[in-house]
Amino acid sequence: MKVFIAAFVFFLLAFAGMSLGYMIKRKSIQGSCGGLSSIGVEKVCDCPEPCDVRKRRIAREAARQAQLEKHRII
């Protein structure tokens with residue numbers, strides 16, 4: 001039981017330290033290696049042409065954006 005309590009306290013201190021660092025610097029956590037772009041992948045889906053579902057989603061987003069521009073107040 002002592003080991004469990006010690007591990008729990010350790011993790012609480014680690015979380016408190018990370019949250020304190022976030023509150024002071026106001027920067028979000030980010031990776032250090034650059035992600036997929038570091039290995040030459042330019043986009044999440046590395047296919048030459050998007051699939052039909054993605055094409056429909058892109059068209060739906062474009063139509064929504066056009067509606068927002070059309071009915072914009074200012």
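The shown structure was predicted, so the numbers you read here are calculated from the model rather than taken from an experiment.
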F8 and F4 aromatic ring geometry - parallel, tilted or perpendicular at 30°/60° bounds: parallel
Partners meeting side-chain contact (heavy atoms from CB on, under 4.5 Å) with E61 (sequence neighbours left out): R57
Under the side-chain hydrogen bond (donor to acceptor under 3.5 Å, both in side chains) test, residues paired with Q65 that sit two or more places apart: none
side-chain hydrogen bond (donor to acceptor under 3.5 Å, both in side chains) against R60, all qualifying residues, sequence neighbours excluded: none
Counterpart residues, salt bridge (charged side-chain N to carboxylate O under 4.0 Å, His left out), relative to R64 (two or more places apart): none
Under the side-chain contact (heavy atoms from CB on, under 4.5 Å) test, residues paired with L13 that sit two or more places apart: V9
Qualifying residue for side-chain hydrogen bond (donor to acceptor under 3.5 Å, both in side chains) with Q67, from K70, H71, E69: H71
